[in-house]
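Remarks on the structure that follows.
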Amino acid sequence: MSLFAIAKAYVWNRRWITLLTVISILLGMSLIAVVITIRSETEAAFAQQGRAFDLVVGAKGSPLQIVLNTLYHVGIPTGNIQLTDYQTLCNEPNIAAAYPMNLGDNFRGFRIVGTTRDFLTQEAGSPTEKRSRRGRKTKTAAEPGRPMFELAEGRLFEKDFEVVAGWLAARQTGLTLDSAFVGAHGLAAAAAGGENVHHEFQYKIVGVLKPTGAAGDRALFTTMESVWHVHEPHPEGEEAHKEQERKEEHKEDVEGREVTAVLVKLTSAMWRAQMLRKINEEYNAMAAVPVEEIKGLYDRLLNPIQGALLALGYVVVVVAASSVLISLYFSTVQRQRDLALMRVLGARPWELFVIICIEAFIVGVIGVAAGIVVGHGITAGVARHLLINYGLHIRAFVFSLAEGTAALIVLALGLVAALAPAALAYRTDVARNLVGG
């Protein structure tokens, strides 16, 4: 009978105690797997969105606030910048593309974003990113060279108050092609029929986008003029009709008009620092580098929180290792006579030592494997919640080097915990235990 078979028989003989030990290891390993997977995937998802644009330009204030509000639709804007500043940016020789973003209203908590058709037809990734990734496969669906947005049905907006809905916004609100709705003032959800609702301006859905796993899934895109018109003074009756006709005839009139922010793609990354400094010094605006701001957010806030959860997972594993030690130690004490008989039958001391270590290894492998499965199952549930409610796509069933390292550490702790019981088995006194039996 092999040493592994003997160890397996001993594990099965005390299966209920083994089950409790496995559950202890499972809890620690599953927490570790959840934290590692969600941390790496959310960081990659946020960074991927941040790398799509080289700069975000908005009103002076917090650069992180500008990035979160404009790219991720989180929080409120720092203010507006003049439309003339946006137009000047478009003429900068080092800027490949500049997309205006007009915020101000929402529908059931989903932001109405005024922009241009070019924003919805752009290719994924910045020109810089495309060059750096040439010949390399990206792990996200939005590869450079592919459209950032694709229509699931309908068409892009062509006139004012026509809307292209992000996938999640359409799903959560029930909006479909030809649906009509009115926006509410501000960026927080407002109750239907509330006094902040713009009843006189009705939007119409003309297109719905495919899921992107990015913040655009939570937006309702329309023309820049739609947002401006909603927030301008509106005379009543015949005067209102004449005013609307005048605006249609003079759409190029930009006096006093503003945009919330501008998403900028540069011709080359080498211009990033120069354009950042130029905008901050020469424009009545502030520029921020999205990928740097998001990295700073992770370093300052999210990484410490996730690090604390990871530490808690290892604490649980250490407790589980302690239970392995206690379980094996008392099991070894109780079977001293069996071990003595094995010695009489020809077993060597080192073989008894190995049997105990194999027992710990079996328990550890079962606990770690079950923990990984449960952990990724929990991550799948979290991923579904994030996708449905926030439009953030993370992959639940990916295995990283960090997770593999964690699994080896957990197994190693289990084996270390087995050393004391194994040493006790190694030193089994044959004569005393047989006489005492």
Side-chain angles (χ1 to χ4, degrees), residues 19-51 64 67-68 71-72 74 138-141 213-215 217 290-325 360-361 363-417:
L19 178 62
L20 293 175
T21 306
V22 166
I23 291 174
S24 298
I25 298 173
L26 180 155
L27 291 174
M29 189 64 219
S30 61
L31 179 56
I32 292 170
V34 168
V35 172
I36 288 176
T37 305
I38 291 181
R39 179 174 65 179
S40 61
E41 285 296 300
T42 53
E43 188 171 8
F46 276 107
Q48 179 66 27
Q49 293 182 57
R51 285 194 295 267
L64 177 60
V67 170
L68 291 178
L71 265 184
Y72 305 100
V74 175
T138 178
K139 69 176 184 178
T140 65
D217 290 343
V291 69
E292 292 181 1
E293 295 300 326
I294 294 303
K295 184 179 184 303
L297 176 65
Y298 261 88
D299 290 343
R300 293 192 305 269
L301 179 63
L302 299 181
N303 273 342
I305 294 174
Q306 292 169 336
L309 291 174
L310 195 60
L312 177 62
Y314 279 111
V315 168
V316 174
V317 168
V318 169
V319 172
S322 300
S323 69
V324 170
L325 187 154
F361 181 75
V363 172
V365 167
I366 295 173
V368 167
I372 290 174
V373 171
V374 171
H376 284 275
I378 294 172
T379 304
V382 173
R384 179 172 174 78
H385 173 77
L386 291 175
L387 182 63
I388 291 175
N389 292 283
Y390 302 102
L392 180 64
H393 173 71
I394 64 172
R395 300 171 301 169
F397 297 99
V398 291
F399 300 91
S400 63
L401 178 62
E403 188 176 353
T405 302
L408 292 177
I409 291 173
V410 173
L411 286 175
L413 285 173
L415 289 175
V416 169

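These figures come from a predicted structure and were not determined experimentally.
- Separation of atoms OG1 (Thr379) and CD1 (Ile394) is listed at 7.0 Å; rounding is to 0.5 Å.
- The two residues Ile36 and Ala406 come nearest to each other via the heavy atoms CD1-CB, 4.0 Å.
- In this structure, the separation between CG on Leu26 and CE on Met29 is 10.0 Å, given to the nearest 0.5 Å.
- By the 30° and 60° cut-offs, the orientation of the rings of Phe399 relative to His376 is tilted.
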- Message: Test side-chain contact (heavy atoms from CB on, under 4.5 Å) on Leu68 and Leu297; report intermediate values, then the result.
- Response: CA-CA 10 Å; Leu68 291 178; Leu297 176 65; 4.3 Å; yes
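- Annotation: side chain of Ile409 is not in contact with side chain of Ile32 (no heavy-atom distance under 4.5 Å).
- In this structure, Tyr314 places its OH atom where more than 12 heavy-atom neighbours from other residues, nucleotides or ligands lie under 6.0 Å away.
- Taking the side chain as every heavy atom from C-beta outward, Arg300 and Leu64 approach each other to under 4.5 Å.
- Of all heavy-atom pairs spanning Tyr72 and Ala215, the tightest one is CA-CB, 3.6 Å.
- In terms of heavy-atom proximity, Leu411 sits nearest to Val365 at CD2-N, 3.5 Å.
- Residue Ile294 forms a side-chain contact (heavy atoms from CB on, under 4.5 Å) with just one option from Asp299, Leu71, Val67, and that option is Val67.
- The two residues Ala360 and Gly414 come nearest to each other via the heavy atoms CB-O, 3.7 Å.
- Side chain of Glu41 to main chain of Arg395: a donor-acceptor pair is present (N/O by atom type, distance under 3.5 Å, no hydrogens or angles).
- Rounding to the nearest 0.5 Å places CD1 of Ile25 at 11.5 Å from OG of Ser30.
- Counting only heavy atoms from C-beta outward, the side chains of Leu310 and Arg39 approach each other to under 4.5 Å.
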